[in-house]
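All values below were derived from every heavy atom in this structure, side-chain atoms included, with hydrogens, water molecules and symmetry-related copies excluded. Chain A is the first sequence line, chain B the second, and so forth, proteins listed ahead of strands; every chain is numbered from 1.
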Amino acid sequence: MPELPEVETVVRGLQLVLPGRRILDVRLGKTDFMDDPAAIERELPGKRIATVRRHGKFIVLRLEAADDEKGELLLLVHLGMTGQLITCPAEAPVLPHTHAFFSLDDGRELRYTDIRRFGRMQLIASGERADVLGGLGFDPLEASEPEFRATLAARRAQVKALLLDQHVVRGMGNIYTDESLWRARIHPRRMAAKLNRAEFGRLYRAVQRVLTEAIRSRGSSVSDYVDAEGQRGEFQLKHRVYQREEKQCFRCRARIRRIIVAGRSSYFCPSCQRAPRGGNARRLRVGVRKRGR
DNA sequence: CTTACGGCCTGGGTGC
DNA sequence: TGCACCCAGGCCGTAA
């Protein structure tokens, strides 16, 4: 599941090979994850890739304007849950569920593969950048501790919900939220506004450390994630709580538990990460679950 | 405005 | 062997 460290790893890989390359041809398979596939087919051929950047979980390819055209274009790629953006020789075998092929002027191809197609691909004018990406929150690796604390403390929501909210913090997902909260010894259901200064300090440092170490390990491959060369990451070997229900806590040996917080599976140590007082955790609604379809 | 929650998209894995 | 169901993350609509 690509979150900030996985997207950062993909972007660093693409930065080694894409800048300066010209896109010769575009071939598309299923296009329901693109907001305007015709524009991608029409506009990309002939364009030169200038830069590759990450913004939160978005990959941003900046395309140089042709001489006779007005502005630069940005190709935004969001990998969703199972998206892969890979470069390979044009003759390399095609993975199943590959839905976009961009042939390059060096005999290689940039390909987008996505089993679930929860990803997104969108072409925008660089002038629209603020409209599309401007609403995202701060980057957790760029924020200072005071900014981190002030932003979260101003909100009345559970700390996990805020860390997951891309409009508050851009780039965190379920894995790194749970891993950071465990390292900071903070229960996912704690109200952010009620954390004290020491807890904010621990959380800030935990987020930075977890993300930095995960980037160094080239991300977590728990299902389909691979980097720009198709290689798996290794940070899943260093997870302390994520998907470790019933296993022993690395700190205190208590059993890791799984609960739903902010609508997401949340793994934590009930001993190291104490539940909030006053039963924030109590309302377990026993309702009839509707199963559709 | 903010927050909480349910539903939707898709298909691999699981368990019967 | 087949098949129904669960679940993943982001986003959006709705309710309070």
Side-chain angles (χ1 to χ4, degrees), chain A residues 1-7 10 29-35 37 54-59 76-85 95-100 112-122 131-137 150-181 188-195 214 219-226 232 236 239 241-246 258-267 276 279-293:
Chain A
M1 272 140 268
E3 305 178 20
L4 186 153
E6 290 76 32
V7 179
V10 170
K30 291 185 179 176
T31 58
D32 54 357
F33 62 97
M34 303 176 178
D35 74 317
R54 178 184 64 78
H55 194 83
K57 301 181 195 175
F58 285 89
I59 299 165
L76 309 186
V77 181
H78 194 296
L79 300 176
M81 288 177 61
T82 55
Q84 305 176 342
L85 194 58
L95 294 172
H97 307 288
T98 300
H99 301 298
Y112 183 75
T113 303
D114 191 346
I115 295 172
R116 303 277 153 82
R117 304 201 304 286
F118 284 12
R120 286 285 170 268
M121 194 175 288
Q122 182 177 11
D131 302 328
V132 180
L133 297 177
L136 298 180
T151 304
L152 297 189
R155 302 292 223 88
R156 307 170 57 78
Q158 295 171 337
V159 61
K160 169 144 183 171
L162 289 183
L163 291 175
L164 286 176
D165 186 340
Q166 301 301 300
H167 302 287
V168 178
V169 184
R170 63 176 193 252
M172 303 276 293
N174 211 29
I175 296 174
Y176 297 104
T177 299
D178 280 3
E179 292 296 316
S180 297
L181 289 168
R189 287 216 255 244
R190 292 282 304 280
M191 297 298 285
K194 292 191 176 178
L195 297 179
S220 302
S221 290
V222 298
S223 57
D224 303 87
Y225 163 73
V226 293
R232 290 165 60 83
Q236 68 280 5
H239 289 175
V241 283
Y242 186 74
Q243 288 191 344
R244 294 194 65 247
E245 186 176 16
E246 292 301 312
R258 183 178 79 99
I259 58 176
I260 302 298
V261 183
R264 292 281 170 264
S265 277
S266 301
Y267 300 89
N280 193 356
R282 96 196 95 111
R283 60 186 138 64
L284 229 189
R285 226 178 347 125
V286 183
V288 184
R289 307 208 321 194
K290 279 192 292 182
R291 272 296 124 206
R293 195 68 25 135

Please report, rounded to the nearest Å, how far the C1' atom of dA8(C) is from the OH atom of Tyr225(A).
-> 18 Å
Taking only the side-chain nitrogens and oxygens of Ser265(A), find out if one of them lies under 4.0 Å from OP1 or OP2 of dA8(C).
-> yes
Just how far, in rounded Å, is C1' of dT2(B) from CG of Leu152(A)?
-> 15 Å
d(CG, Asp165(A); C1', dC12(C)) in whole Å | 13 Å
Who passes side chain to side chain donor-acceptor pair (under 3.5 Å) against Arg258(A), sequence neighbours left out?
-> Ser265(A)
For Asp178(A) and dG9(C), what is the distance between atoms CG and C1' respectively, to the nearest whole Å?
-> 13 Å
List in chain and number order the residues that pass side-chain contact (heavy atoms from CB on, under 4.5 Å) with Ile115(A), two or more places apart in sequence or in another chain; answer none if no residue qualifies.
-> Thr82(A), His97(A), Asp224(A)
Nearest-angstrom distance from the residue atom CZ of Arg170(A) to C1' of dC11(C) = 19 Å
Name all residues meeting the side-chain contact (heavy atoms from CB on, under 4.5 Å) criterion together with Phe33(A); count only those two or more places apart in sequence or in a different chain, and write none if there are none.
-> His99(A), Tyr112(A), Arg117(A), Arg120(A), Met121(A)
Heteroatom pairs (N/O) under 3.5 angstrom, protein to nucleotides 11-15 of chain B:
from	atom 1	to	atom 2	distance (Å)
dG11(B)	OP1	Arg117(A)	NH1	3.0
dG11(B)	O4'	Arg116(A)	NE	3.3
dG12(B)	OP1	His97(A)	NE2	3.0
dG12(B)	O4'	Arg116(A)	NH2	2.9

With centres under 5.5 Å and planes under 30°, do Phe118(A) and dT10(B) count as stacked?
-> no
Just how far, in rounded Å, is C1' of dG6(B) from CD1 of Ile260(A)?
-> 13 Å
Side-chain donor-acceptor contact under 3.5 Å, Glu6(A) with Tyr176(A) | yes
Testing dA8(C), dC11(C), dA4(B) for proximity to the side chain of Ala161(A), the answer is dA4(B)
Checking all strands, does Arg156(A) fall into the base, sugar-phosphate, or nothing category for heavy-atom contacts under 4.0 angstrom?
-> sugar-phosphate
Atom CG of Leu163(A) and atom P of dG9(C): how far apart are they, to the nearest Å?
-> 15 Å
Excluding sequence neighbours, so at least two apart, what forms side-chain contact (heavy atoms from CB on, under 4.5 Å) with Thr98(A)?
-> Val94(A), Leu95(A), Phe101(A), Arg111(A), Thr113(A)
Could you check how far CG of Leu133(A) sits from P of dC11(C), rounded to whole Å?
-> 11 Å
Evaluate the side-chain proximity of Asp114(A) to Met81(A): yes if any heavy-atom separation is below 4.5 Å, no if none is.
-> no
Residue set satisfying side-chain contact (heavy atoms from CB on, under 4.5 Å) with Val226(A), at least two apart, ordered chain then number -> Gln84(A), Ile86(A), Arg232(A)
